[in-house]
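Presented below is the structure to which this report refers.
Quick caveat: nothing in here was measured; it's all calculated off a predicted structure. Computed from heavy atoms alone, side chains included, the values below leave out hydrogens, waters and symmetry copies. We name chains A, B, ... by the order of the sequence lines, and we start the count at 1 in each one.
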2 protein chains.
Amino acid sequence: MQLEEAQEKFIQSWGTLGSHWGINRTMAQVHALLLVSAHPLSAQQIMDALKISSGNANMNIRALIDWGLVFKELKPGERKEFFVAEKDMWEVVRKITIQRKKKELEPVIRVLNEISEVEENSPEAEEFVKVVEDIRTLAQKADSTLEGLVKSDQKWFVGTFLNLIK
Amino acid sequence: MQLEEAQEKFIQSWGTLGSHWGINRTMAQVHALLLVSAHPLSAQQIMDALKISSGNANMNIRALIDWGLVFKELKPGERKEFFVAEKDMWEVVRKITIQRKKKELEPVIRVLNEISEVEENSPEAEEFVKVVEDIRTLAQKADSTLEGLVKSDQKWFVGTFLNLIK
DNA sequence: TTATATTTTCAAAACCTTTTGAAAGAAGTA
DNA sequence: TACTTCTTTCAAAAGGTTTTGAAAATATAA
């Protein structure tokens with residue numbers, strides 16, 4: 001397979017994966033493009049490569065920067081900005097985990113805490129509390145696990161931790 | 001807080017979480033409704049409770065059954081079908097993991113395997129292969145981890161495993 | 001068989017998210 | 001200052017997904 005074809009496939013595939021992961025398709029494609037680029041790219045180059053508008057490019061580049069997945073790079077003498085991707089995949093996983101934990105898991109845990117204080121004055125209410133407590137336990141465990149993952153380093157995770165689970 | 005208000009909040013919250021997890025909002029709400037119902041519900045009761053159409057209810061109930069998150073229950077003497085949710089949260093997590101692994105992770109791994117066979121006849125191609133290999137390693141580790149999670153039982157996971165990561 | 005209850009299908013409508021591109025803004029240059 | 005280049009904004013358009021509800025299909029009972 002030739003390089004260009006492989007890059008194309010990678011960008012498409014990463015875009016699809018991203019769209020299942022709270023990262024929109026284009027955002028993931030921009031990230032993929034920067035991942036496989038040997039050099040930093042300008043907004044214009046990204047627009048051309050992915051055939052997207054300036055507004056779209058700008059919006060998604062900014063979002064990627066917010067997530068910490070892409071960095072600005074200024075070249076001396078050049079007015080325009082260039083962009084590079086975070087290439088350490090462990091960092092990428094960590095940063096996506098941080099965002100999703102904050103946006104998804106934490107709000108649910110807050111609601112679960114709230115509603116587990118329902119008055120247990122009927123069999124239905126007792127049953128309800130049981131279900132909610134069960135979910136809350138699991139959600140808090142998941143939260144700790146992700147917190148641990150975010151804090152751990154890759155060597156330990158891949159080297160030690162994964163051997164335990166298999 | 002009163003039971004009804006708490007149930008309402010739970011259903012909304014579960015719906016929001018679901019929509020970030022490859023389960024559409026209504027599908028997650030149906031699941032939530034069944035989770036907090038003390039008794040099996042008919043399609044009509046689900047339609048009334050969530051104020052959704054018959055088509056919508058039917059479609060999402062069927063999807064939940066496909067995922068193994070909801071079961072049909074037939075009552076003697078009753079023509080209509082009743083539905084109950086899988087209430088073991090560990091099973092719920094397992095079943096969602098199975099689906100998402102199959103639909104998202106596995107296809108990406110297939111593409112990564114394919115494109116890592118690109119001809120390494122330039123520095124760009126070598127760089128590309130390095131990035132792809134890196135991702136492939138992580139993806140395969142993630143796959144093993146999830147496979148392990150799917151096969152492990154909750155007691156071990158929550159009791160032993162989680163203490164290691166904190 | 002016919003009548004009735006229930007489930008399923010699917011095209012159209014509603015809804016939500018993403019993308020576009022023109023215009024405005026910002027920043028450097030002459 | 002005015003000019004050029006690049007970035008950002010945002011209302012409208014496009015695109016995608018979900019929902020509706022009438023009609024068709026299915027199942028049971030009489």
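Note: CG (B:Asn56) to P (D:dG21) measures 11 Å, nearest angstrom. Whole-Å rounding puts the B:Lys51 NZ to D:dG21 C1' distance at 18 Å. Between the P atom of D:dT17 and the CD1 atom of B:Ile23 lies a distance of 17 Å, rounded to the nearest Å. Rounded to whole Å, atom P of D:dT17 lies 20 Å from atom CD1 of B:Ile52. Rounded to whole Å, the distance from CG on A:Asn58 to P on D:dT8 is 4 Å. A straight line from CZ of A:Arg62 to P of D:dC10 spans 10 Å, rounded to a whole angstrom. Atom pair B:Asn60:CG and D:dT17:P shows a separation of 15 Å (rounding to whole Å applied). D:dT5 atom C1' lies 13 Å from atom CZ of A:Phe82, rounded to whole Å.
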A:His20/B:Arg100 under side chain to side chain contact (heavy atoms under 4.5 Å, CB included): CA gap, chis, key distance, verdict: CA-CA 9 Å; A:His20 291 289; B:Arg100 300 199 72 202; 4.2 Å; yes
Test log, rule salt bridge (charged side-chain N to carboxylate O under 4.0 Å, His left out), inputs B:Lys101 and B:Glu147: CA-CA 9 Å; B:Lys101 184 161 121 55; B:Glu147 192 60 34; 3.1 Å; yes
A:Glu133 and A:Arg136: CA distance, side-chain angles, deciding distance, salt bridge (charged side-chain N to carboxylate O under 4.0 Å, His left out) verdict: CA-CA 5 Å; A:Glu133 286 294 312; A:Arg136 190 155 70 130; 2.9 Å; yes
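Taking the side chain of A:Ser54 as heavy atoms from C-beta on, and the options D:dT19, C:dT7, C:dA22, the nearest nucleotide is C:dA22. Here the nucleotide nearest the side chain of A:Ala43, chosen from C:dG21, D:dT18, D:dT7, is D:dT7.
Among the heavy atoms of the strands, none lies under 4.0 Å from A:Gln44. Residue A:Arg25 is classed as having no contact, given no heavy-atom separation below 4.0 Å to the nucleic acid. Note on A:Ser42: nothing from the nucleic acid sits closer than 4.0 angstrom, heavy atoms only.
When the side-chain nitrogen and oxygen atoms of B:Lys80 are compared with OP1 and OP2 of C:dT6, one or more of them lie within a distance under 4.0 Å. The phosphate of C:dT19 (OP1 or OP2) has a side-chain N or O of A:Thr26 nearer than 4.0 angstrom.
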Contact letters for nucleotides 25-30 of chain D, in which S counts primed atoms plus P, OP1 and OP2 and B counts the base, heavy atoms under 4.0 Å: --BBS-
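The cluster map of Ile, Leu, Val, Met, Phe, Trp and Tyr, joined by side-chain heavy atoms under 4.5 Å apart, puts A:Trp90 and A:Phe71 in different clusters.
The neighbour count for A:Glu4 CD, taken as heavy atoms of other residues, nucleotides or ligands under 6.0 Å away, does not exceed 12.
Under a 3.5 Å cut-off, the side chain of A:Ser13 and the backbone N or O of A:Phe10 do not form any donor-acceptor pair.
With salt bridges taken as basic N to acidic carboxylate O contacts below 4.0 Å, one links B:Lys95 and B:Glu91.
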